[in-house]
Structure formats: structure tokens, C-alpha cells
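Notes follow once the structure below has been shown.
The structure displayed is predicted, hence computed values, not measured ones.
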Amino acid sequence: MGRHYGMDWLRIGAFGLLIFYHIGLVFVHWAYHAKTAHPMQWVAVPLQAVNAWRLPLLFVVSGYASRAIFTGDKRPGIFTWNRTKRLIPPLLFGVLVIVPVQPWIELSTQHGYGRDFLTFWTGDYFRFGTLDGIVLPTWAHLWFVGYLWFYTAALAMLLTVLPVRVKAAIESGSGRLLSGPMILLVPVALLIANWAWIFPGAPETHGLIDDWPVHRVYFGMFLFGFLLRESDPVWRAIRRWWRWAALAAVGGYAVVASIEIIYLGPYLPSRTTWFWFGVARAVQSWGAIVALIGIADRYWNRDHRLHPMLTEAVFPFYLIHQSIIVLVAGELLGYGLAPVVEFAIILAATVTGCWLFYRIGREIGWLRPLIGLRTRPSRPAAAI
């Protein structure tokens, strides 16, 4: 299978959506590094429209891109090393330089921390412990990059130890299992088991070793994306059933939104409510993922003059966007602005800051690998 431009556009759109989602977290009552002076509970309703599927989709498209990279050289060791070179330097650079402003704003605006940023960065950030309950240092939103590397390493290990015949049987069997309407039923059943039955309401810790309810979902999504790249039966199923998946996603969101409206606040009142919330969320999540892949395949599978630039820019945008959002939101607290004005300022500052970070960083040779770009710009950018 050649390059699927639709999947590239889906990746670009999914990462771009994070900017709006993370800005929304400033205004909702959910916990976040920076908060407006008067959070609004109703903001949770539109955020729930994407909350269930945004991260699973990112791992699907990352698994798909990883398979494309693996196809170029099927030696698991080379595959792991290539991904390590691409993911670990930006992760370390992010933890050391990009992320520290986020816990500083959180401590300063929500915990009464009184030291300036430079003092915090040089004196408190690298304590390898906690400060008023906040773990330092932290990878903050860059947990996604860390998890992606660990999933890549785990997959490479499986590819190394499993005999060729067994790997072929697993791939063939998975394709048959997910063919036809099973593309909807099997993953939804697994998500319901995880979100509604086994771990209802389990929080995401992003701490890697204590995040097993999350790994069960995200690693599975990563593996599905890896399978999708080379599976004709799965592609045929998506092309046949994506419209039904879209209807299921809308129905699932209607239930999720209804529960959110009825129980506006930080917690749902009972295990029964959590169960039905988890069921609806599972239907919404997988329905949206299949529908979006189907739409990308049907309508977006074409090149555009902006495609190379946007494909390259996504990773640097992802690295820097949340730190800009948190810094600007924290600095706006003292001005008493209306929420709509705050939103407009944060959005404009984030888009502008991300663009400058990418455009300036791409011209500095030693900085390119630290912001997720290849050292030789003439080569096509691989997806994260």
C-alpha cells in the first residue's frame, strides 16, 4: 500500500484539535495546569464531543505511521532505533526546557508558590520528588511521546521473538476477526469491558507503570493502526461500515452529553451511572474513530501543496502548544477579562507561538532533532 494522504490529513487534524481541546481545559471545571478565574461547568459538554476518541485516534494513526516506517526496513532493531532517534531527543528536550513552565504556572496560580520561574527551574523543578503534591520533574503532555516509544519498543520485541509463521497467523486472524460488521462490534465490546465493567471511571495517571487501564486501550489502538496499514479485510470493513459507525458515535455522544448535563460537576454519583457512561463512551469512541478513518479514506486521500509542510510542522506544534496555552492563561488571570476575550487571546497566542517555534526551529540545524524534525530537511518527514 502506498502513501495514504487521508491518514496524513487525519493525523494533522487530530493533533490540531489538541490546541482547541487544551484551551477548553482552561475554562472547564476539570483539573488543569492553568484555569480561568471562573471555570464554567457547561464547557464539559462540547469537550465530551471529542474526549472519548481524541487520544485513541492519535495512537491509531501513530501505529499506522509506524507500520509504514517498519515496511521500509523490517528489522525490529533498526525500527526501534529509528523511532528512538525521532522520539527520545524531543521528549528529553521537552522535559528539560519546554515543560517546566507548566508546573510553575500551576504552582503559582493554584498552590500559592511565590518564586519566579528561573528560581523554580534551577532550584525546585529537578527535585525528583513532589512539591505540594505535584511530581517534579514531569513530562506533562509529552507523556504521549513516552508512551508511543514504549509501545514501539514492546511491539519490536514481539516482532523479534515471534516466529514468522506465528506473526502471519496473528495478522491474518486479526484481519478476519475485524472484517465485516465485526469492525464495530469487537472493539466496542473490548472498550466496554475496560471502561464500563473492569475499570469504570479509572483516571489516567500518565505515570506509565501505574496506568494499566490506559495501556489496555492505547496499546491496543496502536496495534490496530499497525495492522490497518497492511490489512485489506479491515480496510474493506471500514469502507463498508463507516457511515454506521458515524451514527453510533453520534448516539453515544448523545448519551454522554446527557449524563454530563444531568450530573454537571467533577464526579458521577454511582457505579451504575459510571457503567452506562462507559458504555456510551465506548460506542462514541470507536464509532468516531472508524467514521473518521472512513471519511479520510473516502474524501481526503489526495495530496496538496501544503501537505509536506503541515506534516512536518505537526510534531513541533505538539511539543510547544500546551506550554504556550498554560503560560498565556496563567498570565491573563490578573486582568479580569471576559472568557471569550481570554479564549481569543490564548488561541491567537498559541497558533502564533507554535508557528514561530516551528519556522525558527527548522532553520537551526542542531535544534531540528530536538523539536522532532529530521536533520536533513530534504527527506520527507515521517509521522509521529
Side-chain angles (χ1 to χ4, degrees), residues 8 11-12 14-15 18-19 22 55 58-59 61-70 72-73 75-103 121-122 125-126 128 135-157 206-209 218-219 222 226 308-327 353-384:
D8 283 350
R11 169 181 170 266
I12 292 167
F15 277 98
L18 282 181
I19 292 178
H22 285 152
L55 289 172
L58 289 179
F59 281 106
V61 296
S62 296
Y64 185 93
S66 296
R67 182 61 176 269
I69 296 168
F70 178 73
D73 190 328
R75 291 174 293 178
I78 299 298
F79 171 61
T80 305
W81 176 238
N82 287 336
R83 300 309 283 152
T84 298
K85 290 189 298 182
R86 192 70 191 282
L87 297 175
I88 296 302
L91 176 60
L92 294 177
F93 179 69
V95 170
L96 295 175
V97 177
I98 296 174
V99 164
V101 69
Q102 297 182 39
W121 190 26
T122 58
Y125 181 67
F126 296 102
F128 294 94
V135 177
L136 298 173
T138 177
W139 54 15
H141 67 295
L142 300 185
W143 68 268
F144 172 82
V145 181
Y147 279 31
L148 181 55
W149 183 86
F150 278 103
Y151 294 165
T152 299
L155 175 61
M157 186 178 301
H206 301 158
L208 187 64
I209 61 175
Y218 293 163
F219 187 46
F222 178 78
F226 195 84
M309 183 270 291
L310 292 176
T311 300
E312 182 183 61
V314 164
F315 200 175
F317 270 52
Y318 172 74
L319 291 174
I320 196 66
H321 81 281
Q322 181 162 286
S323 289
I324 298 175
I325 290 170
V326 171
L327 176 61
C354 288
W355 182 252
L356 291 175
F357 180 78
Y358 162 63
R359 292 295 296 183
I360 295 173
R362 69 183 294 212
E363 303 302 326
I364 303 174
W366 63 267
L367 188 57
R368 288 182 61 88
L370 299 181
I371 65 171
L373 302 180
R374 292 188 181 279
T375 54
R376 291 185 293 177
S378 59
R379 295 181 61 183
I384 183 176

Beyond-backbone contact of [X] with [Y], side-chain heavy atoms, under 4.5 angstrom:
{"X": "Val145", "Y": "Tyr318", "answer": "yes"}
{"X": "Leu373", "Y": "Phe315", "answer": "no"}
{"X": "Phe357", "Y": "Ile98", "answer": "yes"}
{"X": "Val101", "Y": "Trp121", "answer": "no"}
{"X": "Tyr218", "Y": "Leu148", "answer": "no"}
{"X": "Arg75", "Y": "Trp81", "answer": "no"}

Partner residues of [X] under the side-chain hydrogen bond (donor to acceptor under 3.5 Å, both in side chains) criterion, sequence neighbours left out:
{"X": "Ser323", "value": "Gln102"}
{"X": "Trp139", "value": "none"}
{"X": "Trp149", "value": "Thr84"}

Locate the shortest heavy-atom distance separating [X] from [Y]; write the atom from each residue and the value.
{"X": "Leu367", "Y": "Gly361", "value": "CD2-CA, 3.8 Å"}
{"X": "Phe79", "Y": "Ser66", "value": "CE1-O, 3.4 Å"}
{"X": "Phe93", "Y": "Leu370", "value": "CD2-O, 3.4 Å"}
{"X": "Ala14", "Y": "Leu58", "value": "CB-CD2, 3.5 Å"}
{"X": "Ile69", "Y": "Arg83", "value": "CD1-NH1, 3.4 Å"}
{"X": "Pro369", "Y": "Pro89", "value": "O-CB, 3.9 Å"}

Legend entry - Phe59 and its ring pair (Phe, Tyr, Trp, His ring centres under 6.0 Å) partner, picked from Tyr147, Phe144, Tyr64: Phe144

Legend entry - Heavy atoms from other residues, nucleotides or ligands near CE of Met157 exceed 12 (cutoff 6.0 Å): no

Inset, instruction - Identify which one of Arg359, Arg362, Arg11, Arg374 satisfies the salt bridge (charged side-chain N to carboxylate O under 4.0 Å, His left out) criterion when paired with Glu312. - result: Arg362

Report the distance from atom [atom1] of [X] to atom [atom2] of [Y], rounding to the nearest 0.5 Å.
{"X": "Leu319", "Y": "Ile371", "atom1": "CG", "atom2": "CD1", "result": "7.5 Å"}
{"X": "Leu87", "Y": "Leu142", "atom1": "CG", "atom2": "CG", "result": "11.0 Å"}
{"X": "Gln322", "Y": "Ile324", "atom1": "CD", "atom2": "CD1", "result": "11.0 Å"}
{"X": "Phe150", "Y": "Ile209", "atom1": "CZ", "atom2": "CD1", "result": "10.0 Å"}

Legend entry - Plane angle bin for Phe70 and Phe226 - parallel if under 30°, tilted between 30 and 60°, otherwise perpendicular: tilted

Inset, instruction - Measure up the Trp143 and His206 rings against each other and bin them: parallel (under 30°), tilted (30 to 60°), perpendicular (over 60°). - result: parallel

Legend entry - Main-chain N/O of Thr138 paired to Tyr125 side chain as donor or acceptor, under 3.5 Å: yes

Inset, instruction - For Arg86 and Gly372, indicate whether the former's side chain and the latter's backbone hold a donor-acceptor pair under 3.5 Å. - result: yes

Legend entry - CA sep, side-chain torsions, deciding dist, call: Phe317, Leu18, side chain to side chain contact (heavy atoms under 4.5 Å, CB included): CA-CA 10 Å; Phe317 270 52; Leu18 282 181; over 6 Å; no

Inset, instruction - Consider only side-chain N and O atoms of His22 and His141, and report whether a donor and an acceptor are under 3.5 Å apart. - result: no

Legend entry - Within the 6.0 Å centroid threshold, strictly below: Tyr151 and Phe219: yes

